[in-house]
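Below: one structure, written as structure tokens.
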Protein chains: 2
Amino acid sequence: METFTIKDIARELNLSTSTVSRALRGSYEINPETKRLVMECAERLNYRPNPIALSLKGSASRAIGVILPQIANYFFSQAINGIEAIAYNRGYHVIIFQSQESYEREIANVQQSMSRKVDGLLMSLSSETSNVAHLQEVLDKNVPLVLFDRVSAELNVTKVVADNFGGAFAATEHLIQSGRRRIAHLTIQPWLSITQERLAGYRAALEKHGLVFDESLVRYGSFGPDEVGPMVDELMRYPSPPDAFFTASDRLAVGCLQALRQRNLHIPDDVSLIGFTNLNVAELLAPPLSTVVQPAQEIGQIAAERLIDQIERKQRALPIETVRIPTELIVRTSTMPEMVKL
Amino acid sequence: METFTIKDIARELNLSTSTVSRALRGSYEINPETKRLVMECAERLNYRPNPIALSLKGSASRAIGVILPQIANYFFSQAINGIEAIAYNRGYHVIIFQSQESYEREIANVQQSMSRKVDGLLMSLSSETSNVAHLQEVLDKNVPLVLFDRVSAELNVTKVVADNFGGAFAATEHLIQSGRRRIAHLTIQPWLSITQERLAGYRAALEKHGLVFDESLVRYGSFGPDEVGPMVDELMRYPSPPDAFFTASDRLAVGCLQALRQRNLHIPDDVSLIGFTNLNVAELLAPPLSTVVQPAQEIGQIAAERLIDQIERKQRALPIETVRIPTELIVRTSTMPEMVKL
DNA sequence: AACGTTCCCGACATCGTTTGCGCAAATTAT
DNA sequence: ATAATTTGCGCAAACGATGTCGGGAACGTT
């Protein structure tokens, strides 16, 4: 099956390419009969407009770019699923770039997607990103941009995030209500919006229940596979060690579970553990892991919807807002000593 | 930061665009001094050639397309990581498409990547794909193609796969050696190459140890979340039910674990369980899951390397071969009754 | 001095598509 | 019947870059 162009149709029908182009787009200044002929011929040849040529012309490419830190991550891969589903339904293609948590690569990704003329950009910031000038430039070029999950307060754009404050609050309160008093919080880079919101939820819950916020129980970082263990050791050496861990990501939840088990700390008898995670196997872990579930797929869907809405009604500016998706607390054995005995 | 074109440089330097183009590509017929000027100006304006225009002209786009069934899958997301790493190092960008296990979408993806003028294509077939005419067309267009994991025997191209036979053989033999006799095999669609190879390994191990191959213990399918349970029920109702399950994918391993636990079948006392999986949490499950690990990242890396080699030495045809990456058997509690007592 | 080379560089066409403008024929108005 | 519109379509420019020509200047050769 070769690939036919508008020229082939024009030649076949003895028309000019302009006429064919206009007929295909349904222009009013083309004879209905001519239109029919063109449509029929296009159908017959299985004509598909060349997206590259369209992009060059500057018109819509019907592609949206997605830039995120890592694909191999439960949260993001589910978010992509949501994005793809919506995009596909609405006739858009998705081009995915990974920043690998690198600021430089994120900039390169943005440049790439701009020069590939995507119709819009969906982003979740790398952990190294604090300066958002490169995104401001995107906006200046009038390219629709929607941020999700890892967003920046400095940009006046539509954002779709989980209710991080609420989720963290619920998790922390749950730990307190199940009798915990020294709750460690393992989290990611402090300048990220999600980190701050979760930390705020954690603090708020502590304060509500009259517990003092102890800075030394909060640890930030990009925790590689071997970094969680030492940190747990350090925390457990305290005169009054934590009796619970609240972690802020998939990676941390798993790393922490592993570290605790390796150290023969029994969960939940010695310490409770609860994570912010989308692990679908959370229930099958030993012990089954309590979590705050962020609806990753839904976040992706809503972000994609907002973006495409913006792309398609470009003339009239859509309201810019922050959509906050509720999170869900799921209590399992890792935070419920009484469940162990059942 | 605006985006400058070759024209801007030409205007700035009072040269023609052709001269600038040639200077940038280092053509011998340009005065070294002129080259210097052009280079310097390009540097100053932060000139980046427009990939769209290049693609239109038919030259290299320095992008490779990756088409695979699902991103939200441990194996594939790790494979993408490997692909991305290599591609990035060698100056290529990766455009990812998901077929969602649909033949139609796979065809659409191929068309898209062709019209987006990727320099080469990396594919893992959807489970619905039995006809590979769309890929033959890719080859006919002289676009380099490398298949990985889910490959087709009908295509004469470079393929990168795990040692599925060896892995299945090792898993099955391990089960037999730990005393199991009725080993069920839950696997995916029968027409896929990986399915056949794994089945062959399973049979070979049975035969080596003098066990008869019982077709009724093998189940094929695309097992959704609620389909594994009923199948387990059915198998366990047999007069002589299986004493072990060997599953052929991440999804099946987890689904099976969950189904067995829900039915209060104790692993490994009642039945053993071993999977083909890349789950990084396999060790943390209850019980820790024995698995055959496929080096997903390595498969991705090698596939990307082969593809880019083909792209860059397009003139001289590189040898077409099938690269088989060894798998690794990791024995954990789910297949070792004696370990439970430790 | 007339010719052939070599060295640099510019004009132009091209990729596939859209779009502003213009132009002939057909239709309507005067 | 003539003028004014409308209808339907083609020409050519444009998007950004490359590549094929070909041409002018500065050499070297007889």
Side-chain angles (χ1 to χ4, degrees), chain A residues 2-39 41-42 45-63 111-112 114-119 141-143, chain B residues 2-39 41-42 45-63 111-112 114-119 141-143:
Chain A
E2 300 190 48
T3 159
F4 292 99
T5 78
I6 215 172
K7 284 186 187 173
D8 298 310
I9 302 183
R11 195 174 330 106
E12 180 110 357
L13 265 41
N14 253 315
L15 288 171
S16 75
T17 58
S18 353
T19 304
V20 175
S21 169
R22 276 185 275 251
L24 256 15
R25 326 215 98 233
S27 163
Y28 65 97
E29 44 179 340
I30 298 295
N31 189 320
E33 173 60 13
T34 311
K35 269 187 201 169
R36 206 188 50 72
L37 279 173
V38 171
M39 295 294 197
C41 183
L45 298 182
N46 189 29
Y47 167 78
R48 293 277 173 274
N50 181 329
I52 301 275
L54 289 180
S55 305
L56 225 210
K57 272 310 264 186
S59 50
S61 63
R62 294 202 82 77
Q111 283 209 1
Q112 265 288 314
M114 286 303 97
S115 54
R116 290 199 180 276
K117 289 271 192 305
V118 296
D119 290 345
K141 281 181 189 143
N142 244 331
V143 174
Chain B
E2 300 190 46
T3 160
F4 292 98
T5 78
I6 212 170
K7 285 187 187 172
D8 298 310
I9 301 183
R11 195 172 332 107
E12 181 110 357
L13 264 42
N14 252 317
L15 290 170
S16 76
T17 58
S18 344
T19 304
V20 175
S21 170
R22 274 183 286 251
L24 257 14
R25 326 215 97 234
S27 163
Y28 66 96
E29 45 180 340
I30 296 295
N31 190 319
E33 173 60 13
T34 310
K35 269 189 204 170
R36 208 189 48 71
L37 278 173
V38 171
M39 296 295 199
C41 183
L45 297 182
N46 189 30
Y47 166 78
R48 293 279 173 273
N50 181 329
I52 301 277
L54 290 179
S55 305
L56 223 208
K57 271 309 262 186
S59 50
S61 63
R62 293 201 84 74
Q111 283 209 2
Q112 266 288 314
M114 286 303 97
S115 54
R116 289 196 180 278
K117 290 271 190 306
V118 296
D119 291 345
K141 282 182 189 140
N142 246 332
V143 174

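Here is how names work: the chains are called A, B, and so on, in the same order as the sequence lines, proteins then strands, and each is numbered from 1. Basis for what follows: all heavy atoms, side chains included, without hydrogens, waters or symmetry-related copies. Small disclaimer: the values here were computed from a predicted structure and weren't measured.
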- Query: What's the spacing between E29(B) CD and K35(B) NZ if we round to 0.5 Å?
  - Reply: 9.5 Å
- Item | Closest to the T17(A) side chain, choosing from dT18(C), dG8(D), dC15(D) | dT18(C)
- Item | Per I30(A) side chain, nearest of listed nucleotides dG16(C), dC9(D), dG16(D) | dC9(D)
- Which nucleotide in dG10(D), dT17(C), dG16(D) has an atom nearest any side-chain atom of S16(A): dG10(D)
- Between K7(B) and dC15(D), is there a side-chain N or O to OP1/OP2 distance below 4.0 Å? yes
- So which nucleotide from dG19(D), dC9(D), dG16(D) ends up closest to the side chain of S18(B)? dG19(D)
- Task: Can you tell me the distance, in whole Å, between the CZ atom of R116(B) and the C1' atom of dC15(C)?
- Result: 17 Å
- Item | Side chain of T34(A) (C-beta onward), nearest among dC8(C), dC9(D), dT18(C) | dC9(D)
- Under 4.0 angstrom between Y28(B) side-chain N/O and dC9(C) OP1 or OP2: no
- Nucleotide of dA17(D), dC8(C), dG16(C) approaching P49(B) most closely (side-chain heavy atoms): dA17(D)
- N50(B) side chain: which of dG16(D), dC9(C), dT17(C) is closest? dG16(D)
- Message: What's T5(B) touching, base or sugar-phosphate or nothing? Going by heavy atoms closer than 4.0 Å.
- Response: sugar-phosphate
- Side chain proximity check, R22(B) to S18(B), heavy atoms < 4.5 angstrom: yes
- Item | Rounded distance (Å) that lies between atom C1' of dT17(C) and atom CG of L24(A) | 11 Å
- Item | Between dG16(C) (P) and K117(A) (NZ): distance, integer Å | 19 Å
- Message: As a quick check of understanding, evaluate side chain to side chain contact (heavy atoms under 4.5 Å, CB included) for L13(B) and V38(B), giving each step before the final call.
- Response: CA-CA 8 Å; L13(B) 264 42; V38(B) 171; 3.8 Å; yes
- Distance-minimising heavy-atom pair for A10(A) and S16(A): CB-C, 3.9 Å
- Item | Closest-nucleotide 5' rank along DNA chain C - winner of A53(B) and T19(B) | T19(B)
- Donor-acceptor pair, side chain of S61(B) and main chain of K117(B), under 3.5 angstrom: yes
- Item | Side chain to side chain, S115(A) and P51(B), heavy atoms closer than 4.5 Å | yes
- Assign D8(B) to base, sugar-phosphate, or nothing according to its heavy-atom contacts below 4.0 angstrom with the strands shown. nothing
- Query: What is the distance from CG of N31(A) to C1' of dA25(C), rounded to the nearest Å?
  - Reply: 13 Å
- Message: Just to be sure I understand the rule, does I52(B) reach a base, reach only the sugar-phosphate, or reach nothing, if contact means heavy atoms closer than 4.0 Å?
- Response: nothing
- Message: Measuring to OP1 and OP2 of dC9(D), would you say a side-chain N or O of R22(A) lies under 4.0 angstrom away?
- Response: no
- Message: So, under a plain 3.5 Å distance rule, would you say the side chain of K57(B) forms a donor-acceptor pair with the base of dT14(C)?
- Response: yes
- Message: By the 4.0 Å heavy-atom rule, please label S55(A) as base, sugar-phosphate, or nothing.
- Response: nothing
- Query: What is the distance from CD of E29(B) to P of dG23(D), rounded to the nearest Å?
  - Reply: 16 Å
- Query: Rounded to the Å, how far apart are R48(B) CZ and dA17(D) P?
  - Reply: 12 Å
